[in-house]
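First comes the structure, then the notes that go with it.
No experiment lies behind these values; they were computed from the predicted model shown.
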Amino acid sequence: MVLEYVAGGSLQDHEDQNFAHDDSEFLIRVAKQVAVAVQFLHSRKIAHRDIKCLNILLTKAGNAKLCDMGFGKEVHIPFLFQLRLIYLK
């Protein structure tokens, strides 16, 4: 198995180091990127089931990457009950 190296550390590391700073714009951007990642997984009928700050990695440019699919599971939900996320620009 080959994995991508993400040099920015986890979102948890970032928050531990920058706790006193107001990073609201940064955190909104990260939340949007995580929502897009979750929407991608859901479109393939996969539930991550372990989204937390330690499982969100940041590139040096500050972009988020959702990792650790260890608890991920394929789910079969009837069409009427599927959660639909709207991509936010």
Quick one: do I51 and L66 satisfy side chain to side chain contact (heavy atoms under 4.5 Å, CB included)? Show the steps, please. CA-CA 8 Å; I51 297 173; L66 189 58; 4.2 Å; yes
Hey, any chance V6 and V38 share a hydrophobic cluster, counting ILVMFWY side chains that come within less than 4.5 Å of each other, even indirectly? no
Which residue pairs pass the salt bridge (charged side-chain N to carboxylate O under 4.0 Å, His left out) test when at least one of the two sits in residues 56-69, sequence neighbours left out? E4-K65
Main-chain N/O of A37 paired to H42 side chain as donor or acceptor, under 3.5 Å: no
Considering all heavy atoms of both residues, which atom of L54 and which atom of C67 are nearest to each other, and what is their separation? O-SG, 4.4 Å
Decide yes or no for N55 and L11: does some side-chain heavy atom of the first lie under 4.5 Å from some side-chain heavy atom of the second? no
So, Q12 versus D16: side-chain donor-acceptor pair below 3.5 Å or not? yes
Do you reckon F26 sits in the same ILVMFWY cluster as L57, going by side-chain contacts under 4.5 Å, direct or chained? no
Does the side chain of V30 come within less than 4.5 Å of I56's, by heavy atoms? yes
Qualifying residue for side-chain contact (heavy atoms from CB on, under 4.5 Å) with R29, from Q33, K32, E25: Q33
Please report the shortest heavy-atom distance between C53 and S10, naming the atom on each side. O-CB, 3.8 Å
To check you understand the geometry: which heavy-atom pair defines the closest contact between A64 and V34, and what is its length? CB-CG2, 4.3 Å
